[in-house]
There are 2 protein chains.
Amino acid sequence: MEARIEKIKQQLQSQGYKLTPQREATVRVLLENEEDHLSAEDVFMLVKDKAPEIGLATVYRTLELLSELHVVEKMNFGDGVARYDLRNDSNHHHHHHLICVQCGAVDEIMEDWLTPLEERLEREYNFKVLDHRLDFQGICHRCKDKEKTDASEA
Amino acid sequence: MEARIEKIKQQLQSQGYKLTPQREATVRVLLENEEDHLSAEDVFMLVKDKAPEIGLATVYRTLELLSELHVVEKMNFGDGVARYDLRNDSNHHHHHHLICVQCGAVDEIMEDWLTPLEERLEREYNFKVLDHRLDFQGICHRCKDKEKTDASEA
DNA sequence: AAACCTTTTAGAATCATTCTAAAAGGTCCC
DNA sequence: GGGACCTTTTAGAATGATTCTAAAAGGTTT
């Protein structure tokens, strides 16, 4: 944990920014909730526990800054709230989302299924791929199981 | 054109809705701009030319309604505005986006590359796929050509 | 400690979208 | 033909996420 904070500190400093206490608190929240896709509001509420005097605007600015430095990834699942995810070396560019239309859960797939497609794009469409996103909407295994249980109970 | 309006009219009526003049004007705008990804605001301004008395809320409600009936597809490219696209039988479910980070253009690929992946998802992840989206961020062929030209001129 | 940075704060402002209450239009039935 | 009863529209207010602003606070450099 400390090592990763240190690394982010250096990324900030290399661009002339400082790791202020507010920024550090924000980064810690992100590290502690690495599996989740937190909204700015979520982050704000969690950071408030550590540093109650922090403002929402500061959290927004920090997330925006970290996003520019590619420390976090800003995402949009179409529900009107931006969500932020810490990038680490292993999941970088290789995760896709399963979005459940019933319960709203967002699961991840950590496999990279798109490399062959990207190669084809560059070849056939002359398009230089920098990033991608692949989301599936549907019904997650939990809701499917629940449906089955409900049906047998009825 | 008229045939397609007629078809949409029937889709509405089959669910108990009517094709009011405002809705028809909205649908016509969508048909006339089928290649574009219009925002609600864009649609509103274009509809105003045909029917100046229409309200923005009506456009929103109409687009929402058409979206529920799967006549249009509501999309989100992460720029804070929802965009709406007419669905027709040929592009239904089979288009992906090439979003240029340099000029902002959005091109479409009309091939379906994901069927094998969807089958795998249902099998391995027990996830019932209803819809998907696949977007690539990168540099489009136009900007690449432009770069090349600029470089040789310099 | 004065001058000069960057950063934070609180709250106002903005912008897309949704809600609300009232009005308008149709349709059915007598 | 006129109510009663629908759905739909309208204008404008309300909401909610995000951004801006002006003032204050902290650090650094001299």
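Protein chains get the first letters and strands the later ones, always in sequence-line order, with residue 1 at the start of each.
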Kindly point out which of D:dT9, C:dT8, C:dT17 is positioned nearest to the side chain of B:R61? D:dT9

Base, sugar-phosphate alone, or nothing: which one does A:R23 contact when heavy atoms must sit under 4.0 Å apart? sugar-phosphate

Heavy-atom side-chain proximity of A:D107 to A:H97 below 4.5 angstrom: no

Whole-Å distance, B:Y17 OH to C:dG25 C1', equals 18 Å

Counting side-chain heavy atoms from C-beta on, which of C:dT7, C:dA10, D:dT9 comes nearest to A:A57? C:dA10

Nearest to the side chain of B:K18, which nucleotide is it out of D:dT7, D:dT10, C:dT17? D:dT7

Rounded to whole Å, OH of A:Y60 lies from P of C:dG11 at a distance of 17 Å

Which part of the nucleic acid, if any, lies within contact of B:I54, taking any heavy atom under 4.0 Å across all strands shown: a base, the sugar-phosphate backbone alone, or nothing? sugar-phosphate

Are any of the side-chain nitrogens in A:R87 or A:E34 under 4.0 Å away from the carboxylate oxygens of its partner? no

If the cut-off is 4.0 Å, is A:T20 near the phosphate of C:dT6, judged by side-chain N/O to OP1 or OP2? no

Whole-Å distance between D:dT9 C1' and B:L19 CG? 14 Å

Quick one: label A:A82 by what it contacts on the DNA or RNA (base, sugar-phosphate, nothing), any heavy atom closer than 4.0 Å. sugar-phosphate

Whole angstrom is fine here: how far is it from CG in A:L56 over to C1' in D:dA17? 9 Å

Beyond-backbone contact of B:V47 with B:T62, side-chain heavy atoms, under 4.5 angstrom: no

Return the value, rounded to whole Å, for the distance between atom CD of A:Q15 and atom P of C:dT7. 12 Å

Interatomic distance, B:E53 CD vs C:dA23 P [rounded to whole Å]: 19 Å

Are A:R123 and A:E119 within salt-bridge range, i.e. N to O under 4.0 Å? no

Assign A:T58 to base, sugar-phosphate, or nothing according to its heavy-atom contacts below 4.0 angstrom with the strands shown. base

Considering all heavy atoms of both residues, which atom of B:F44 and which atom of B:I54 are nearest to each other, and what is their separation? CE1-O, 3.6 Å

What's the CD-C1' distance between A:E41 and D:dA17, to the nearest Å? 8 Å

Give the rounded distance in Å between these two atoms: CD of A:E64 and C1' of C:dT8. 17 Å

